[in-house]
Amino acid sequence: MSHVYSRRLVVNRYRAFLLVCLLLVASVARAQKPATEATTAAVPAPKRQLQALRITEAIKLDGVLDEALWQQAPIATDFIQNRPNPGPHEKHPTEVRVLYDDANLYIGAIMHDVSQDSILRELSPRDDANNTDFIGVFLDTYHDKINGYGFFVTTGGVQMDCRYSPAGGEDFNWNAVWDSRTSMQGTDWVAEMRIPYSAIRFSKTAEQLWGLNFMRQRKRDNQAFFWNEVKPAVDGFVNQWGELQGLRDIQPPLRLSLTPYVSGYVNHYPYNEQGTRNSSTSFNGGADIKWGINESFTLDATLVPDFGQVQSDNQVLNLSPFEVQFQENRQFFTEGTELFNKGNLFYSRRVGAQPIGFSSVEKQLRAGEMGLDGQRRPGEAVVSNPGVTRLLNATKVSGRTKQGLGVGVFNALSNDVYATVRDSASGREREVLTQPFSNYNIVVLDQSLKNNSYVSLINTNVTRWGSTYDANVTGGLFRFANKKNAYAIDGRLVYSRRRGNEFGSDTLRVSDQDGYKYQVGISKISGSFTWGLNHGIESDKYNPNDLGILFGNNNISQGAYANYNKYKPFWKVNNLYTWFNLNHSLLYKPTRYQNLSFSSGFNTTFTKNFLTVEANFEANPVTHDYYEPRQYPLGKYYVRVPGNANLSGYMSSDYRKKLAGDISGGVRWYAEDERLVRPRRMYYGWSISPRYRVNNQLNFRYTLNWELTNNQIGYVNGGLDESLPDDADFRDKHPSDVLLGRRRVLTVTNTLSGAYTFNNRMSLTIRTRHYTSTVNYRDFVRLGKNGEETLVDYRRNRDNTFNAFNVDAVYSWWFAPGSQVSIVWKNASSSFLEANEATPLYFNNLNNTINTPHNNNVSIKILYYLDYLMLKRLRS
């Protein structure tokens with residue numbers, strides 16, 4: 001009878017969800033009918049054209065447009081404001097000209113203003129604009145209206161460059177080798193750019209037609225202008241650019257460059273153990289190679305890569321059933337990877353990640369034993385267990401044909417990884433394999449279509465040598481928009497496959513051999529009103545985690561959203577963005593209710609002081625969390641989360657001020673759990689982030705995050721250790737049930753960073769982070785099937801505290817285009833305290849962190865960019 005009731009409950013909730021979705025879409029559709037102004041705003045602006053001028057004489061790159069050739073070129077002017085008030089024409093004219101020769105594209109721009117005091121010019125590291133004016137040029141070299149390049153230069157000469165694509169959006173991780181100069185001339189500022197053809201890709205067509213746009217930021221008034229109007233109500237960005245005409249008889253050059261590197265490290269950790277050195281040194285060498293296979297495709301390879309200088313990860317105490325997703329900081333895996341990110345099937349941190357057998361080493365140690373003479377003989381102990389996999393090389397081949405077909409191939413090789421264990425009695429050491437020689441591969445085909453549409457095919461593959469398993473994932477994606485770019489349908493279908501044995505075992509891996517995922521959606525994508533409906537399934541066997549990331553499969557999900565935005569100033573605000581979301585989720589197998597949620601919010605910026613304010617509201621009825629119990633297959637056990645509501649928001653002040661900052665906060669209320677007499681669950685959180693700009697070269701930023709969760713019910717982190725009496729007793733009495741704890745979790749994070757920029761090519765940045773999280777358990781319950789909870793007399797102290805501390809100091813000097821010297825100091829420590837050692841007192845944790853042994857690492861790395869065309873010119 002309970003199964004019938006459960007099925008009816010699921011069906012009724014599903015019907016209610018669909019009814020609300022239909023009412024939501026219908027109400028939005030009715031609201032759009034009289035909106036003639038909104039309809040006009042959703043129509044793309046006419047495309048402007050600019051003629052490029054071919055030159056044969058040399059241009060001196062000095063930020064002064066004094067060559068007569070500049071005066072002969074047609075002018076792009078009369079820019080149109082995009083923010084804060086879309087539509088008005090600029091009052092202070094911008095004049096941009098384009099020249100070209102056999103090797104380069106030249107951009108000359110004059111930005112008129114009222115006085116030099118009106119031109120803000122803070123210095124910053126590369127790819128960071130901060131509080132300054134800039135001019136940018138956008139190029140769609142294949143004119144597919146989907147993919148493009150962006151090159152920017154600030155008043156202080158700081159360069160920024162990025163790629164635009166449907167998968168990566170605006171990606172500033174991409175870096176090209178190009179040159180620029182700026183100067184101040186009276187009440188104007190001038191920028192001159194030289195973009196070599198080797199920095200971009202284009203076809204061999206005799207007469208080229210490129211997409212083109214220019215952007216000017218006038219920071220004094222927080223204004224942004226585009227030459228070809230970019231309307232915020234129109235979906236897409238690249239499709240709203242103008243056109244560059246007149247490019248004739250230019251040939252894609254031989255793109256061949258080598259960037260060798262040498263690096264040296266000094267590491268110190270106070271082991272203070274006899275026979276173990278506290279300090280060590282290492283030296284590395286390798287190279288990055290870039291080769292233009294033809295006019296469309298480029299090969300990027302890194303040989304013996306060295307990623308030791310990347311920013312430290314933000315370590316946290318993870319109480320969830322899912323892994324922590326860390327940010328990718330390795331440049332090779334962030335630059336030019338927009339094709340490989342299609343479909344979100346590639347999580348680059350898997351390449352060179354923790355060995356798959358890292359956690360199993362302890363299980364392979366010879367345990368201590370009692371001898372026949374009554375004396376206990378110690379067993380083996382771990383001497384070293386590398387936490388990362390060293391790559392041998394990594395290679396990318398990517399590009400796009402003139403027919404709009406994007407092709408990407410990624411491949412990386414990693415060597416065997418071994419842990420070293422030592423026999424405590426004899427002193428003999430042996431090696432334990434934790435990661436076999438492995439190959440990681442991705443192939444992507446992405447066909448751009450008209451109307452900002454595309455179809456894509458992605459395949460990821462991991463092949464491991466030896467007795468373990470291999471993994472393969474294949475996915476197809478599509479997006480089709482109508483001719484007016486007003487409506488779109490999209491979808492994906494993904495199949496995952498694993499074959500082989502569990503690592504280090506003869507046991508056949510059969511739990512997740514074949515799985516699938518699909519998702520479809522329909523949406524209105526342009527206009528002040530937008531909406532969408534989506535539905536998807538992830539089967540219980542779907543698993544892309546060998547080269548991707550997935551936080552939970554076995555889902556049936558559906559959702560609806562509606563947005564209403566006002567882009568024009570009204571009342572006392574510059575704009576208004578509102579959103580409404582409705583989401584529903586079922587367990588796929590067995591089909592059971594998981595959750596239903598409604599959320600809404602708004603964001604606006606006040607006209608007078610540029611104060612940005614956002615508020616969010618979310619409501620959830622009772623939720624069944626099938627993942628928290630960590631019991632597989634899913635379906636028998638779930639943690640019942642009472643109905644709850646969340647109210648949160650933030651405020652961000654005007655960053656043009658010397659002293660500015662952000663503040664946010666939120667609170668979540670939970671209904672009382674009528675099954676057991678215990679306090680109501682609550683969550684509180686807030687954050688403050690002031691920033692102070694001392695001058696145009698020096699700035700500081702501080703962030704404090706504070707979060708408190710009271711009476712949270714969750715899986716006891718660390719699980720059960722049956723060698724301990726309390727844990728063994730619980731398992732004996734309840735062999736198949738789960739131990740949950742009611743706990744108080746307090747997390748505090750302090751981050752202080754500072755940056756001093758010497759000039760547009762040299763900077764020093766320092767970032768210090770201290771994280772502490774403390775878990776205090778109040779009582780414990782036994783979780784039975786179907787969410788039943790029963791208080792148990794479990795007395796083992798499960799309190800714990802995790803502390804992490806990091807300092808990253810980086811000195812960077814770009815002494816030539818593409819060439820860099822970087823000196824990095826890293827200081828790191830962490831501690832995990834259990835039972836009576838755990839403390840919720842912040843300053844006790846800070847003191848513990850300071851007194852914990854720290855690892856200090858100082859490194860220097862030198863890269864030198866060698867370009868074939870440059871060397872050829874020098875030889876001639």
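Index from 1, following the sequence.
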Exercise. Shortest non-hydrogen contact from Thr334 to Asp171?
Worked result: O-OD2, 3.5 Å
Exercise. Just checking, is any N or O donor in the side chain of Asn695 or Tyr756 under 3.5 Å from an acceptor N or O on the other one?
Worked result: no
Seminar exercise, completed: Closest non-hydrogen atoms of Pro355 and Gln435, given as atom of the first, atom of the second and distance, are CA-OE1, 3.4 Å
Seminar exercise, completed: The ring-ring contact (aromatic ring centres under 6.0 Å, His included) partner of His770 among Phe802, Tyr842, Tyr702 is Tyr842
For this session: Might you confirm whether atom CG of Asn836 has over 12 heavy atoms from other residues, nucleotides or ligands at distances under 6.0 Å?
Result: no
For this session: Verify whether one side chain among Asn272 and Asn278 offers a donor that lies under 3.5 Å from an acceptor in the other.
Result: yes
For this session: Report yes or no: do Asn710 and Gln712 form a side-chain donor-acceptor pair below 3.5 Å?
Result: no
Exercise. Between Gln594 and Ser585, is any side-chain donor less than 3.5 angstrom from a side-chain acceptor?
Worked result: yes
Exercise. So, are Glu789 and Arg640 salt-bridged, with charged N and O less than 4.0 Å apart?
Worked result: no
For this session: For Ser859 and Gln309, test the side chains for any donor-to-acceptor distance below 3.5 angstrom and give the result as yes or no.
Result: yes
For this session: Carefully, step by step, assess Asn130 and Asn699 under the rule side chain to side chain contact (heavy atoms under 4.5 Å, CB included).
Result: CA-CA 10 Å; Asn130 281 359; Asn699 64 78; 4.2 Å; yes
Problem set entry | Closest non-hydrogen atom pair, Phe333 against Leu391 | CZ-CD1, 3.8 Å
For this session: Check the side chains of Asn267 and Ser280 for a donor-acceptor pair under 3.5 angstrom, ignoring hydrogens and angles.
Result: no
For this session: Check the pair Phe700, Tyr692 against ring pair (Phe, Tyr, Trp, His ring centres under 6.0 Å), reporting the backbone distance first and the verdict last.
Result: CA-CA 5 Å; Phe700 297 95; Tyr692 182 67; 7.8 Å; no
Exercise. Have Asn616 and Asn646 got a donor and an acceptor in their side chains that come within less than 3.5 Å?
Worked result: no
Exercise. When you look at CD of Gln327, are more than 12 heavy atoms from neighbouring residues, nucleotides or ligands closer to it than 6.0 Å?
Worked result: no
Seminar exercise, completed: By salt bridge (charged side-chain N to carboxylate O under 4.0 Å, His left out), Arg422 pairs with (sequence neighbours left out) Glu429
Exercise. Around Arg795, counting heavy atoms of other residues, nucleotides and ligands shown, do more than 12 lie under 6.0 Å from its CZ?
Worked result: no
For this session: Would you tell me whether Asn554 and Tyr627 have side-chain atoms, one donor and one acceptor, within less than 3.5 Å of each other?
Result: no
Exercise. Are Thr612 and Ser652 close enough that a side-chain donor and a side-chain acceptor fall under 3.5 Å?
Worked result: no
Problem set entry | Check: Val266 and Ser279 side chains under 4.5 Å, non-hydrogen atoms | no
Exercise. Do Thr774 and Thr801 have a side chain donor and acceptor closer than 3.5 Å?
Worked result: yes
Problem set entry | Distance, nearest 0.5 Å, that separates CE of Met682 from CH2 of Trp669 | 6.5 Å
For this session: Please determine if Glu834 and Arg798 form a salt bridge, counting it only when a charged side-chain N lies under 4.0 Å from a carboxylate O.
Result: no
Problem set entry | Test: Arg742 cationic atom under 6.0 Å from Tyr777 six-membered ring centre, within 45° of axis | no
Exercise. Can you tell if the side chain of Tyr637 reaches within under 4.5 Å of the side chain of Leu783, non-hydrogen atoms only?
Worked result: yes
Exercise. Taking it one step at a time, do Thr623 and Tyr638 satisfy side chain to side chain contact (heavy atoms under 4.5 Å, CB included)?
Worked result: CA-CA 9 Å; Thr623 296; Tyr638 65 82; over 6 Å; no
For this session: May I ask you to check whether Ser831 and Asn848 show a side-chain donor-acceptor distance below 3.5 Å?
Result: yes
Problem set entry | Lys861 side chain reached by Asp306 side chain, heavy atoms, under 4.5 Å | yes
For this session: Give a yes/no verdict on a cation-pi contact between Arg330 and Phe307, requiring under 6.0 Å between NZ or CZ and the six-membered ring centre and an angle within 45° of the axis.
Result: yes
Exercise. What's the shortest heavy-atom distance between Asn845 and Thr839, and which atoms?
Worked result: ND2-O, 3.0 Å
For this session: For the residue pair Asn856 and Trp825, confirm or rule out a side-chain donor-acceptor distance under 3.5 Å.
Result: yes
Exercise. Among side-chain atoms of Arg767 and Thr751, is any donor-acceptor pair under 3.5 angstrom?
Worked result: no
Exercise. Given side chains that start at C-beta, do those of Asn750 and Thr703 come closer than 4.5 Å, heavy atoms only?
Worked result: no
Problem set entry | Asn806 versus Asn827, side-chain donor and acceptor atoms under 3.5 Å | no
Problem set entry | Any side-chain heavy-atom pair of Ser829 and Thr849 under 4.5 Å | yes
Exercise. Which pair of heavy atoms, one from Gly741 and one from Val716, lies closest together, and at what distance?
Worked result: N-CG2, 3.8 Å
For this session: Evaluate side-chain hydrogen bond (donor to acceptor under 3.5 Å, both in side chains) for Glu328 paired with Tyr347, printing each intermediate quantity in order.
Result: CA-CA 9 Å; Glu328 178 61 88; Tyr347 177 42; over 6 Å; no
For this session: Please report the C-alpha distance between Arg349 and Asp313 in whole Å, then the side-chain angles of each, then the deciding distance to 0.1 Å, and finally whether the salt bridge (charged side-chain N to carboxylate O under 4.0 Å, His left out) criterion is met.
Result: CA-CA 11 Å; Arg349 291 296 296 263; Asp313 289 328; 2.7 Å; yes
Problem set entry | Salt-bridge contact Arg350-Asp546 (side-chain N to carboxylate O under 4.0 Å) | no
Exercise. Is it true that the NZ or CZ of Lys396 lies under 6.0 Å from the centre of Phe410's six-membered ring and within 45 degrees of the ring axis?
Worked result: no
For this session: State, to 0.1 Å, how close Ile713 and Val639 come at their nearest heavy-atom pair, and which atoms those are.
Result: O-CG1, 4.3 Å
Problem set entry | Worked check of side chain to side chain contact (heavy atoms under 4.5 Å, CB included) between Leu740 and Phe780 | CA-CA 6 Å; Leu740 301 180; Phe780 300 90; over 6 Å; no
For this session: For residues 820-831, pull every pair meeting salt bridge (charged side-chain N to carboxylate O under 4.0 Å, His left out), keeping only residues two or more places apart or in separate chains.
Result: none
Problem set entry | Whether Phe758 and Tyr811 hold their rings parallel, tilted or perpendicular, with breakpoints at 30° and 60° | perpendicular
